[in-house]
Asker: 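Can you read through this structure? Questions will come right after.
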Protein chains: 2
Amino acid sequence: MASSTVENYLKHILLLSETADGLVPMGALATSLDVVPGTATTMVKALADEGLVAHRPRQGVRLTPEGRQVALTVLRKHRLVETFLVNVLKMDWAEVHAEAEQLEHAISDAVLNRLDALLGHPTTDPHGDPIPSRLGKMDSQVYATLATCVLDRPLRIVRVTDQSEEFLQFAEQNGLRPGARLRVVDRNLAAGLVNLRPPTGDPIPLSLAAAGRILVAPGK
Amino acid sequence: MASSTVENYLKHILLLSETADGLVPMGALATSLDVVPGTATTMVKALADEGLVAHRPRQGVRLTPEGRQVALTVLRKHRLVETFLVNVLKMDWAEVHAEAEQLEHAISDAVLNRLDALLGHPTTDPHGDPIPSRLGKMDSQVYATLATCVLDRPLRIVRVTDQSEEFLQFAEQNGLRPGARLRVVDRNLAAGLVNLRPPTGDPIPLSLAAAGRILVAPGK
DNA sequence: CGCGCTATTTTGATTAGTCAAAATAAATCT
DNA sequence: AGATTTATTTTGACTAATCAAAATAGCGCG
Ligand SMILES: [Mn+2]
Ligand SMILES: [Mn+2]
Ligand SMILES: [Mn+2]
Ligand SMILES: [Mn+2]
């Protein structure tokens, strides 16, 4: 059985390889896991010995099919747990990430499947992050962000890709959660500012950086 | 923060000191935790340095008030998790112990309290084990067992004190769960046998050893 | 081509938790 | 009391995971 440390390494490699060509540099991995680079190198070599990753010295690391399977299961547990905590226990979506970080390693497959059924087999978690299916399929559709989408068209928020408590709290406050409707009224590249118009209420000003962390799709 | 190892040591010391004069011998602790005696000695000395236990060399170990508080919280988590798994996720009462053994270390106090509320502040878990209150109070009433109670009187099962899957499966099969009504029709010390009569259906024969693991109270 | 910057790897130590086996203390039995 | 058995403690060694700091490999650049 993989230790929680191993599970975390694999999960982070999976997440980081989404935003790259598949090869994750050691530095990025170390930063993401909050360890020093030497530690990541050592661990990755051990994971390679176990057949969970392939290590290209001085270039980076990628998951093997077996490692990917483990990582997907951990991610599935993480996101289903978050969904449970928000939908059933009514916890704040800003605090569930830290909880799930621990619980993802403590949940058996039996509990996982019961939770999945209880929640009605959801495909996204409270932040809009896709939940891998039992078979390891995960929606990887590419969405526009509030920083890149067309102006003045009806939009629907599909995902908030910043897990930090502060950002989530701010988003919550302004009704910026998955499913919410809005338009981007204008964008000022020079000032780095975006103005949003929700269906009702005041316009919402947002930095371009923040806008880039909210994914949207065209919506009625 | 206490590691899961530390939490397990404290919880086992708590449980073992219920069935003794409060001083738990190293041998018993080691057996209970499935480690070799030297390991228990080493760990207990470390726990003593942290002020969580008091160690009487060559005699045994007891919890300090701080250690007891930690142990009670872990036990509360364990039993509330078991209750959740059975009552909400509809898992089998024979399998939840192993699950809770892991989850008890991964649940935050925030989740603990939400679970408690969701379940309606239960005072016993699916096996009838008492759940310590948020303040660390735990019912410690002493009950008779099916091996020691009076004959031919209406009884109510209050607790099944054998966590093994086999025993719980057997008990389930025969309706021997907390809340169930029955009588002890006779007891044969020589043969080591007890005969139970449920309200309906066939009499149930049971060994004295097994009978001693089912706690009962006089019941309508 | 050679120099220097940066990312990575290596080396040597450390911590938590464990076991095997030897040493010791305590209890029990002649 | 002295010898024997049993429980506990000590010692030495090991594994997983980590860090600090030194060594190295690649690069980009003049
Ligand atoms: Mn984690
Ligand atoms: Mn999420
Ligand atoms: Mn445990
Ligand atoms: Mn129980």
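Worth knowing before you read on, the calculation uses all heavy atoms, side chains too, and leaves out hydrogens, waters and symmetry mates. A note on names: the letters A, B, ... follow the listed sequences, proteins ahead of strands, and every chain is numbered from 1.
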Asker: In whole Å, what is the span from the CD atom of B:E7 to the C1' atom of C:dG17?
Answerer: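 These atoms are roughly 15 Å apart.
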Asker: So, using side-chain contact (heavy atoms from CB on, under 4.5 Å) as the criterion, who are the partners of A:R156 when residues are at least two apart?
Answerer: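 side-chain contact (heavy atoms from CB on, under 4.5 Å) list for A:R156, sorted by chain: A:V158, A:R181, A:A217.
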Asker: Let me check something: any side-chain donor-acceptor pairs from residues 91-98 of chain B under 3.5 Å, sequence neighbours excluded? List them with distances.
Answerer:
from: B:D92; atom 1: OD1; to: B:A94; atom 2: N; distance (Å): 2.9
from: B:W93; atom 1: NE1; to: B:L168; atom 2: O; distance (Å): 3.1
from: B:E95; atom 1: OE2; to: B:D92; atom 2: N; distance (Å): 3.3
from: B:H97; atom 1: ND1; to: B:H78; atom 2: NE2; distance (Å): 3.1
from: B:H97; atom 1: ND1; to: B:E82; atom 2: OE2; distance (Å): 3.3
from: B:H97; atom 1: NE2; to: B:E101; atom 2: OE1; distance (Å): 3.3

Asker: Between A:H55 (NE2) and C:dA7 (C1'), how many Å, whole number?
Answerer: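 Rounded to the whole Å, the gap is 12 Å.
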Asker: Identify all side-chain donor-acceptor contacts of residues 40-56 of chain B below 3.5 Å with residues at least two apart in sequence or on another chain.
Answerer:
from: B:T41; atom 1: OG1; to: B:P37; atom 2: O; distance (Å): 3.3
from: B:T42; atom 1: OG1; to: B:G38; atom 2: O; distance (Å): 2.8

Asker: Using a 4.0 Å heavy-atom cut-off to protein, can you give one letter per nucleotide of nucleotides 15-28 of chain D, 5' to 3': B if the base is in contact, S if only the sugar-phosphate is, - if neither?
Answerer: --SSBS---BS---
Asker: Using five pairs at each end of the helix from C:dC1-D:dG30 to C:dT30-D:dA1 to define an axis, what is the angle between those two axes, to 10°?
Answerer: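 The helix from C:dC1-D:dG30 to C:dT30-D:dA1 shows an end-to-end axis angle of 20°.
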Asker: Rounded to whole angstroms, how far apart are CG on A:L29 and P on C:dT9?
Answerer: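 Atom CG in A:L29 sits about 11 Å away from atom P in C:dT9.
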Asker: What residues form a side-chain hydrogen bond (donor to acceptor under 3.5 Å, both in side chains) with B:T161, not counting sequence neighbours?
Answerer: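 Scan of B:T161 (side-chain hydrogen bond (donor to acceptor under 3.5 Å, both in side chains), adjacent residues dropped) gives none.
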Asker: Mind checking side-chain contact (heavy atoms from CB on, under 4.5 Å) for A:R134 and listing every partner two or more places apart, or none if nothing turns up?
Answerer: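 Result, side-chain contact (heavy atoms from CB on, under 4.5 Å) vs A:R134: A:R76, A:N113, A:D116.
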Asker: Take atom CG of A:L33 and atom P of C:dT8, then tell me their distance rounded to the nearest Å.
Answerer: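 About 14 Å, once rounded to whole Å.
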Asker: List the residues meeting side-chain contact (heavy atoms from CB on, under 4.5 Å) with B:D186, not counting sequence neighbours, and say none if there are none.
Answerer: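 Expected list: B:N195.
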Asker: Only counting residues at least two apart or in another chain, list the ones meeting side-chain hydrogen bond (donor to acceptor under 3.5 Å, both in side chains) with A:E7.
Answerer: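 Counting only residues at least two positions away or on another chain, A:E7 forms a side-chain hydrogen bond (donor to acceptor under 3.5 Å, both in side chains) with A:H105.
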Asker: Taking atom CG of B:L115 and atom CD1 of B:I107, what is their separation to the nearest 0.5 Å?
Answerer: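 Answer for the CG-CD1 pair, B:L115 versus B:I107, is 5.5 Å.
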Asker: In whole Å, what is the span from the CD atom of A:Q59 to the C1' atom of C:dT6?
Answerer: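 Whole-Å distance recorded here is 16 Å.
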Asker: Specify the separation, in whole Å, of atom CG of B:L23 and atom C1' of C:dA26.
Answerer: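 After rounding, the gap between these two atoms is 15 Å.
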Asker: Take the protein atom CE of B:M26 and the nucleotide atom C1' of D:dT10, then report the distance between them rounded to whole Å.
Answerer: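 Spelled out: CE on B:M26 to C1' on D:dT10 is 13 Å.
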